[in-house]
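Working notes, beginning with the structure itself.
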Number of protein chains: 2
Amino acid sequence: MEQRVIDTLRKVFELNGFIGIETRAVETGASLLKKGETSKEIYLLSRLQEVGHESDTPIEERLGLHFDLTVPLSRYVVEHSGALAFPFKRWQIQKVWRGERPQEGRFREFVQADIDVIGAGDLPDHYEVELPLVMVSALEELRAYGLPKATVHANNRKLSEGFYRGLGLTDVEGVLREIDKLDKIGADEVARLLTETCGATEAQARACLELAELTASDGAELAAKFDALCEAHGIAKDSESYTLARQGLDTLAMIVDEAAAIRPGSVIADLKIARGLDYYTGSVYETFLDGAASLGSICSGGRYDNLASQGNRKYPGVGLSIGLSRLVSYMLHTAGAHASRVSPAAVLVAVWNEEDRPAANRIANQLRARGIATDVAPTAAKLGKQIKYADKLGIPYVWFPATAAEGAEGAEPAGDEVKNIVTGEQVAADCTSWEPDTVVAQQTVEI
Amino acid sequence: MEQRVIDTLRKVFELNGFIGIETRAVETGASLLKKGETSKEIYLLSRLQEVGHESDTPIEERLGLHFDLTVPLSRYVVEHSGALAFPFKRWQIQKVWRGERPQEGRFREFVQADIDVIGAGDLPDHYEVELPLVMVSALEELRAYGLPKATVHANNRKLSEGFYRGLGLTDVEGVLREIDKLDKIGADEVARLLTETCGATEAQARACLELAELTASDGAELAAKFDALCEAHGIAKDSESYTLARQGLDTLAMIVDEAAAIRPGSVIADLKIARGLDYYTGSVYETFLDGAASLGSICSGGRYDNLASQGNRKYPGVGLSIGLSRLVSYMLHTAGAHASRVSPAAVLVAVWNEEDRPAANRIANQLRARGIATDVAPTAAKLGKQIKYADKLGIPYVWFPATAAEGAEGAEPAGDEVKNIVTGEQVAADCTSWEPDTVVAQQTVEI
């Protein structure tokens, strides 16, 4: 299941010109600890013969497993900057590890699927609408596996920060942290926290909530409503705060309008998105599935103006990341997809007796040469047992080779025959020309 | 490069009915330490907040990274035995980690590609010829990337052990260890070591070397030469030792004869293969590339009668493993393949000015919908710069959208045109029907 999902994502990413990279799982402690907040989740490594002496080495010099694909991308871009063509569009699907205690739906080891575009020095903002759209089209392909429709909710750090500063609030991180709890604890509780922990007045807290609850169907409406909100709360259009907010607003308006033109309903403005705004510097995205609110965001990301730097040169980026293990787990448990340990084979060639095995192998190799995945019965057991083996493996066809020796067991056909064990239909067949029914064959491949 | 190699191997494994599995990278210390000899290479994990207290937890209860794909397979088979159909044929391509100091061509993190077939209770010996042949056909597919021809060298633990015991030698592991040095230090030096460290007489040592140097072109010749050797050294045909050796010999003779019938020259008997005979219980395989002796074996494996056990039930297996990272490294450095950071895109759509970007995006999406990987120029830079970007990314075609605004820059065409930037040829094109030249398009995909 997961492999088919990965193949689908990769196909979409490559269709859009993203280059696949693979980085080592191990990074230095110094690289991993740059993003301080998640430091507690890092797994450090020690070689067996170092046990008991681990503490001799400072954590920065030790090795650890990457906990996301952004830290390795940052290192990769700096190491290979001379050889890369910028903007550098890359996809990367790999395992990441977090040293947290495992809970339901949260693994210590999971797969992330990331796309990022990295500029050298600068990066045009059209990528801020293109990247979420690539993710939407990738998620759209997964609907064949029962995934519900996905919608990207976008916000912008500058918009929120400018508005809060315009209100006179300075603890921007604090306000974002409380606004992030809106869905969980409700507006009244958030208002209380804003006043208690972020130094907001009752009126400032209400203004923050009004911004979070602002909705609009297009960029022009968004701008009009935002301007009205600023006027209502005395944020002057010539203030620095308004200028910052307006910069974010213009980008967000561009994103929803462009996305609506290309794929209506795929990307909406959602001003209560606050998670990640402490890390991202511009656009921020979260992605929700219809009817799966409890799952939370399945694909998040944003724009960061400083992924890495090298001397005076900065590398700004826009990226999104799918938590693939959680998504596949959801697809398996809720969305109706199911995993089973089925063989990729479409055909099992029966073996009448061990002396006939070479003939069975020749038939199998003929079918394989034509791209038909084929297995051969493990033993010359009773036919019923061979069919049962195929059935247990989910192999839809059993091939009966023509009887090799004259006068052998009566049931053996004079020419090759193939039986569809689902329908029971059995027909004469030639291994140089026979084709499986595509629907039946696909069942075994796609489940 | 590595991704294309993985895709190729996976295709061959699935054509042969192997089921892909993926296991977590992390196993318990207890599982990892079962194979005592490699224990020094294990990487153990510790969560950051445990630093300084690692030793509070016994190694067996700690977590570590798998160093091969056999330990996880063993655990997987026991955990899922109720749901699997046996014989269980599985492929697995994953990273493994070893806590060794990195050397040239040996990484601390590398990818292995394994196939194994596991029986419940018993396992027919025809798999001992089928599995190396699957690997040979997989390696054969890689010749498209410049890999030289591969030959599997097979031996059998029972054959060697029976012969040594028949000679009166009891330190079988010791003899195997010294015989393994034959290619490196030569026959005289091995003879000296056999007498010094394994208690062999001069005559016994010479007999061991004669066995190691025995060659044969088919099973019958192998058996005749082996019997002559036994007679010359007084190993009686009714002895237990001979019976054991003969069991191994018969399997080895079957393997070379069957392989010769299906794929001549792919599998040969090589009685000096000693590595792994301490672990495997029957057949053992090493695989060498023509003209790359110094690379050593690129694909090794064998039969083990006790992969795992569950109560009284044993799970015997036959498996082979390709050291993929080393192989890809060889292909890149020696075999003429080359990696470059090229885009998967076949087409870059040029952008005359930013207002025309939506038109360029529409063209790109039309091409993508027909399966043609397409990128769009990052900025409306001078045309030469856009072409240079395509060139640096290895994108062979640049698409010129029809001029959007009348009276714009003179160079812009009135209808869409596409330029092959390798040949310089430029033609009128329609994005709903145009197809790239397959040879040109493949170049960008396969490099």
remark   = Looking only at A/Tyr43, A/Trp97, A/Phe18, most heavy-atom pairs under 4.5 Å shared with chain B are made by A/Tyr43
query = Of the non-hydrogen atoms in B/Ser343 and A/Gly17, which two are nearest, and what is the gap between them?
reply = OG-O, 3.6 Å
task = Under 4.5 Å heavy-atom distance to chain A, tell me which part of B/Arg90 shows up: side chain, backbone, both or neither.
result = neither
ask   = Do B/Leu45 and A/Leu45 come close enough that some side-chain heavy atom pair is under 4.5 Å?
value = yes
message = For a quick test of reading the model, state the closest non-hydrogen atom pair linking B/Ala83 to A/Lys392 and the distance between them.
response = O-CE, 4.2 Å
ask   = Of the non-hydrogen atoms in A/Leu15 and B/Gly371, which two are nearest, and what is the gap between them?
value = CD2-C, 3.5 Å
task = Measure distances from A/Phe13 to the heavy atoms of chain B and classify the residue's part below 4.5 Å as side chain, backbone, both or neither.
result = neither
key: chain A contact via B/Lys11 - which portion, at a heavy-atom distance below 4.5 Å   = neither
remark   = Interatomic distance, CG@A/Leu44 vs CG@B/Leu44, rounded to 0.5 Å, equals 12.5 Å
query = Looking at B/Val342 and A/Ile19, what are the two nearest heavy atoms and their distance?
reply = O-CG1, 3.5 Å
Contact origin within B/Leu367 toward chain A - heavy atom pairs under 4.5 Å = neither
query = If only atom types and distance count, is the side chain of A/Glu109 paired as donor or acceptor with the main-chain N or O of B/Ala25 below 3.5 Å?
reply = yes
key: Side chain to side chain, B/Arg263 and A/Asn365, heavy atoms closer than 4.5 Å   = no
query = Given a strict heavy-atom distance threshold of 4.5 Å, which part of B/Arg362 is in contact with chain A: side chain, backbone, both, or neither?
reply = neither
remark   = The interface call for B/Leu65 against chain A, heavy-atom contacts under 4.5 Å, is side chain
query = Which bit of B/Ile372 is near chain A, if near means a heavy-atom gap under 4.5 Å: side chain, backbone, both or neither?
reply = backbone
message = Any heavy-atom pair between the side chains of A/Arg108 and B/Val26 that's under 4.5 Å?
response = no
Side chain proximity check, A/Arg10 to B/Asp7, heavy atoms < 4.5 angstrom = yes
ask   = So which part of B/Leu348 gets closer than 4.5 Å to some heavy atom of chain A, the side chain, the backbone, both or neither?
value = neither
ask   = Which region of A/Lys388, side chain (C-beta onward) or backbone (N, CA, C, O), has a non-hydrogen atom less than 4.5 Å from a non-hydrogen atom of chain B, or is it both or neither?
value = neither
request  = Would you indicate whether the side-chain heavy atoms of B/Arg357 and A/Glu258 approach each other to under 4.5 Å?
outcome  = no
inquiry  = For a side-chain contact (heavy atoms from CB on, under 4.5 Å) check, start with the C-alpha distance between A/Lys95 and B/Lys95, then their side-chain angles and the critical distance, and finish with the verdict.
reply    = CA-CA 10 Å; A/Lys95 284 185 176 172; B/Lys95 285 184 174 171; over 6 Å; no
ask   = For B/Pro378, is it the side chain, the backbone, both, or neither that has a heavy atom closer than 4.5 Å to a heavy atom of chain A?
value = both
